[in-house]
Amino acid sequence: MDKIKIYTDGACKGNPGKGGWGALLIAGKNEKELFGGEAETTNNRMELMAVIQALAALKRPCDIALHTDSQYVLKGITEWITGWKAKGWKTASKAPVKNVDLWQQLDAAREVHQIEWIWVRGHAGDAGNERADQLANRGVESI
C-alpha cells in the first residue's frame with residue numbers, strides 16, 4: 001500500500017455561516033492541495049468534509065497518517081462512532097447524531113484504507129496543519 005500523509009482542516013466565518021475545508025496530501029515528494037466551501041455550514045461539518053474529500057481523492061487503498069486539529073473528528077471516528085452505530089446513530093442521550101450524513105460517509109471511506117489518526121494542535125506551527133488551514137480559508141473565499 002502507498003504511504004500517504006494527509007493534513008485536514010475546516011474553517012467557518014460565523015458558526016453557522018460561510019465555511020471552507022482544506023486538505024494537503026503528501027506521497028513521497030508529490031503533494032496535492034484540495035479545498036472547497038459551502039455558503040451555509042458549520043465548522044464541524046467543514047472539518048469532516050476535509051477528511052472525506054481527502055480520502056475520496058485517493059484512487060486505491062492506502063496506508064495513511066491523517067493529521068487533524070479537530071477533537072470532534074478524532075474522537076468521533078476513534079471513540080464515539082462505535083456507540084452511535086450500535087444505537088442506530090443516536091447519542092448516549094438518545095438524541096440523533098449531528099452531521100450523521102457526513103459521519104456515515106467517513107465511516108464508509110475509512111473502511112477502504114489503513115488510517116492512523118493523529119491529533120495536532122491547531123495554529124501551533126505544524127507546517128502541514130498551517131497549510132491545511134490556509135486551504136480551508138481559500139475554500140471560504142471561493143464561496
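- Sorted by first then second residue, the salt bridge (charged side-chain N to carboxylate O under 4.0 Å, His left out) pairs that include residues 47-72, not counting sequence neighbours, are D2-R60, K3-D63.
- Of the inter-residue distances, the one linking D101 atom CG with N99 atom CG reads 6.5 Å to the nearest 0.5 angstrom.
- Note that NZ of K5 and SG of C62 are 15.0 Å apart. Values are rounded to the nearest 0.5 Å.
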Determine, stepwise, if the pair K13 / N43 fulfils side-chain hydrogen bond (donor to acceptor under 3.5 Å, both in side chains).
-> CA-CA 8 Å; K13 306 303 178 198; N43 189 63; over 6 Å; no
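- Applying the side chain to side chain donor-acceptor pair (under 3.5 Å) definition to pairs two or more places apart or across chains, those involving residues 17-32 are E31-R131.
- Between the CD atom in E79 and the CH2 atom in W84 there is a gap of 10.0 Å [rounded to 0.5 Å].
- Of the listed residues (L34, L58, T68), just one forms a side-chain contact (heavy atoms from CB on, under 4.5 Å) with I6, and that residue is L58.
- In terms of heavy-atom proximity, V112 sits nearest to P61 at O-CB, 3.3 Å.
- W119 contributes atom CH2, which lies 13.0 Å from atom OG1 of T78 (distance to the nearest 0.5 angstrom).
- Below 30°, between 30° and 60°, or above 60°: for H67 and Y7 the angle between ring planes is below 30°, a parallel geometry.
- The distance from atom NZ of K94 to atom OG1 of T91, rounded to the nearest 0.5 Å, is 9.0 Å.
- Cluster membership check: L24 does not share its hydrophobic cluster with M46, using side-chain heavy-atom separations under 4.5 Å among Ile, Leu, Val, Met, Phe, Trp and Tyr.
- One finds the CD atom of Q134 at 10.0 Å from the CG atom of N129 (value rounded to the nearest 0.5 Å).
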Checking salt bridge (Lys or Arg N to Asp or Glu O under 4.0 Å) for the pair K85/D107: CA distance, chi angles, key distance, verdict?
-> CA-CA 10 Å; K85 288 168 64 173; D107 187 37; 2.9 Å; yes
